[in-house]
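All remarks here apply to the structure that follows.
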Amino acid sequence: MTIILWTAVVPLGAAILVGLFRVATAPDPASRAVVGDLVFFSGIGVLVLIGLVNSSAAAVDAALIASVLGILATVALARILTKGRR
């Protein structure tokens, strides 16, 4: 099971690296925001997988809290970028 979890970390790490490159080269703020969310939630995925490997309930709890805050930040950023329009 540990090999499967560590194997899952590789694509998430690759997504983070590609996302960081894309944040630097994105043409507009909306694209940067979307890619920033990808990087953030991929990082949370890595945190969860490492928490599962180490049998750490605290890491999984921290990831759940970070996910909720990330969703709220995404909604707030979307409202800012659209200037409150629906």
Side-chain angles (χ1 to χ4, degrees):
M1 183 71 170
T2 310
I3 295 170
I4 294 170
L5 293 175
W6 282 112
T7 305
V9 170
V10 173
L12 287 173
I16 291 171
L17 291 176
V18 170
L20 289 174
F21 173 75
R22 185 62 186 156
V23 165
T25 61
D28 58 342
S31 296
R32 286 188 197 99
V34 170
V35 176
D37 283 341
L38 167 79
V39 169
F40 180 74
F41 286 111
S42 294
I44 290 175
V46 169
L47 177 67
V48 167
L49 290 172
I50 291 174
L52 288 174
V53 167
N54 295 330
S55 299
S56 171
V60 176
D61 289 343
L64 287 172
I65 292 170
S67 296
V68 170
L69 292 175
I71 291 169
L72 292 175
T74 300
V75 171
L77 185 61
R79 295 286 292 187
I80 290 169
L81 290 175
T82 60
K83 296 180 177 64
R85 294 186 308 267
R86 292 185 180 212

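Note that the structure is a prediction, hence the values are computed from the model and not measured.
When all heavy atoms of V23 and V35 are compared, the closest pair comes out as CG2-CG1, 3.5 Å. Contact record, S67 with I44: OG-CG2, 3.6 Å, taken as the closest heavy-atom pair. Across I16 and S42, no two heavy atoms sit closer than the pair CG1-CB, 3.5 Å.
When hydrophobic residues (I, L, V, M, F, W, Y) are linked wherever their side-chain heavy atoms come within less than 4.5 Å, the members clustered with L77 are L81. I65 forms part of a hydrophobic cluster together with L69, judged by ILVMFWY side-chain heavy-atom separations under 4.5 Å.
Under the rule for a side chain to side chain contact (heavy atoms under 4.5 Å, CB included), the partners of I71 that lie at least two apart in sequence or sit in another chain are F41.
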Output side-chain donor-acceptor pairs under 3.5 Å for residues 4-13, partner residues at least two apart or in another chain, one line each.
residue: T7; atom: OG1; partner: I3; partner atom: O; Å: 2.5

Could you list the donor-acceptor pairs under 3.5 angstrom formed by side chains in residues 48-63, with sequence neighbours left out?
residue: N54; atom: ND2; partner: I50; partner atom: O; Å: 3.4
residue: S56; atom: OG; partner: A59; partner atom: N; Å: 3.3

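Neither V46 nor V18 shares a network with the other; the hydrophobic side chains, linked directly or stepwise wherever heavy atoms of I, L, V, M, F, W or Y lie under 4.5 Å apart, form separate groups for each.
Among residue pairs with one or both ends in residues 20-35, those qualifying as side chain to side chain donor-acceptor pair (under 3.5 Å) are D28-S31; sequence neighbours excluded.
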